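Contents: one structure, followed by commentary.
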Amino acid sequence: MIESFYELFLSRYNYWMAIILMLIGLYALIAKQNLVKKIIGLNIFQTAIFLFYISFAEVRGGTAPIYTAEGVHALYVNPLPHVLILTAIVVGVSVTAVALSLIVRIYEEYGVLDEDELMLAVRKR
Amino acid sequence: MMENVVIRTVSRLAVPFIQIFALYVIVHGASGAGGGFQGGVVFAASFILMIIAFGMANVRRRIDNRGIMWLSVIGISIYAGIGFLALLMAGNFLEYAAIEAALGIPHLHGILIDLVEAGIGIAVMAAMVSIIYDIAGNGEESS
Amino acid sequence: MIWELDFALLVFMIICAVAAITVKDLLHATIVLAAYSLIMTVLWAEMNAVDVAFTEATVGAGITTVLFIAAIARTRRSSSD
Amino acid sequence: MKTKALIAVLFIGIILFWAVEDMPAFGDPDAPATQYTGQLYVDSVLPDIGIDNIVTAILASYRGFDTLGEVVVIFTAGISVALLLRRGGRL
């Protein structure tokens, strides 16, 4: 029992850590009141998903996906998740930029940064 | 901060090297780590250093919001233009082999991919600098 | 890939993530988030994803931090939770 | 609110931890994702495109349309930030 658990942990600890990071981000996204904290949670959530993707691209003993002198016969890591994540990171920063500008605009209009106070201020207007 | 001579001198020395490194990253993308996204963002980082050292108004005097948006449009147009060039040469959209066959030049793939990366770099740099102008400035417009 | 180094970096990342969402001061939370991105860069370079590591180092630790600091400078620095 | 969020997060976490058992081991060279699609790209980039960096080759040629859409996404983000923040958000 203990040995099988140890085996399972040693071969899959990367996925477990990605899931723990994802849960931290999800908790911040649901429970935190401050809007900037929510964006920080969104960033952590995103990077956890990226970590999960890069983890299943890894091949033991493989090199980075740039051709060496051996050409196609050397062992490389899987390049396709790298491409997907490369585009996802840049989309993520544009999402962050739009969200932050919305927060700045909300603060200019209502003067609050908390979710509950914002709902009160919107209802009062 | 505007009076600090150390910050201004060091950033005046550092900005050209950062920009040359960004161009190297864009051009070197076909044969090593790097590419359009990374190079564009490094180029935008040099603009951030200029904003910190010389102030927002001085940087905006060099290139204003309207000019930076036009640069972004030019970058996307380079990318899409190569795609439509392949359509003109009786291929599919962004099919580099069609351009290569029509022009008769061998090994054109690498050059076309470098051009595409340059377009991505210009567009990403311009969009990032525009976002930083708008969030870091206090809502004013230069022109 | 050395699994001890990998595991240590992942533990540091979890500590940074918990710190980033529990710190009251938003500027401190932003700086901790930049440290989180930098540790993630090292992890990806160690997992042979060099292009992704480069992108994360420039975008995640550079531009995102600048955007957060600029937005916090225009709003409020303290937070209730 | 906080306890409800914690319960929901823990529930999702238990399900995901349960699902990880079926994933292939970390760094396994025989994993299905590495065996078919990844190996196909590694084999065909050098004869097809002829540049060294496999990631850039896939990004700009096989998935070129995808990347074009993504550059348009960044451009749209720049435009929306400009619309939100310039002149106090009033058009």
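The sequence lines fix the lettering, A, B, ..., with proteins before strands; numbering per chain opens at 1. Just so it is clear, the structure is predicted and the values come from calculations on it, not from any experiment.
Scanning both residues, A/P79 and D/G38, for their nearest heavy atoms gives CD-O, 4.1 Å. Between A/R12 and D/M23 the shortest heavy-atom distance is NH2-O, 2.9 Å. Here the closest non-hydrogen pair linking A/S101 and D/L84 is OG-CD1, 3.3 Å. Contact between D/V55 and A/L86 at its shortest, heavy atoms only, is CG1-CD2, 4.1 Å.
Neither the backbone nor the side chain of D/V71 comes within contact range of chain A; no heavy atom of the residue lies under 4.5 Å from a heavy atom of that chain. The parts of D/T34 that come within reach of chain A are both its backbone and its side chain, each placing non-hydrogen atoms under 4.5 angstrom from that chain. With a threshold of 4.5 angstrom between heavy atoms, D/L6 approaches chain A through its backbone and through its side chain. Using a 4.5 Å cut-off between heavy atoms, A/L84 contacts chain D through its side chain alone, with no backbone atom that close.
A donor-acceptor pair under 3.5 Å is formed between the side chain of A/N78 and the backbone N or O of D/A33. At least one donor-acceptor pair under 3.5 Å links the side chain of A/Y67 to the backbone N or O of D/L46.
Side-chain contact between D/V42 and A/P65: absent, with no pair of heavy atoms (C-beta onward) separated by less than 4.5 Å. Looking only at side-chain heavy atoms (C-beta outward), A/I30 and D/M1 come within less than 4.5 Å of each other. Between D/K2 and A/Y27, some side-chain heavy-atom pair lies under the 4.5 Å cut-off. Annotation: side chain of A/F56 is not in contact with side chain of D/P24 (no heavy-atom distance under 4.5 Å). Residues A/T87 and D/D66 are not in side-chain contact: their nearest non-hydrogen atoms beyond the backbone lie 4.5 Å or more apart.
Applying the side-chain contact (heavy atoms from CB on, under 4.5 Å) test between A/V83 and each of D/I58, D/I54, D/T56 identifies D/I58 as the sole match.
Summarising the geometry, atom CG belonging to D/L83 is positioned 11.5 Å from atom CZ belonging to A/R105; distances are rounded to the nearest 0.5 Å. Note that CG of A/L80 and OG1 of D/T37 are 6.5 Å apart. Values are rounded to the nearest 0.5 Å.
Among D/S44, D/A8, D/A25, the residue making the largest number of heavy-atom pairs under 4.5 Å with chain A is D/A25. Among A/R60, A/M22, A/H73, the residue with the largest count of heavy-atom pairs under 4.5 Å with chain D is A/R60. The choice from D/T76, D/V45, D/T67, D/I51 that makes the most heavy-atom pairs within less than 4.5 Å of chain A is D/V45.
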Run the numbers on A/I20 and D/F17 for side chain to side chain contact (heavy atoms under 4.5 Å, CB included), then give the verdict.
CA-CA 9 Å; A/I20 291 173; D/F17 272 108; 3.8 Å; yes

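Within 6.0 Å of OH in A/Y53 there are 12 or fewer heavy atoms belonging to other residues, nucleotides or ligands.
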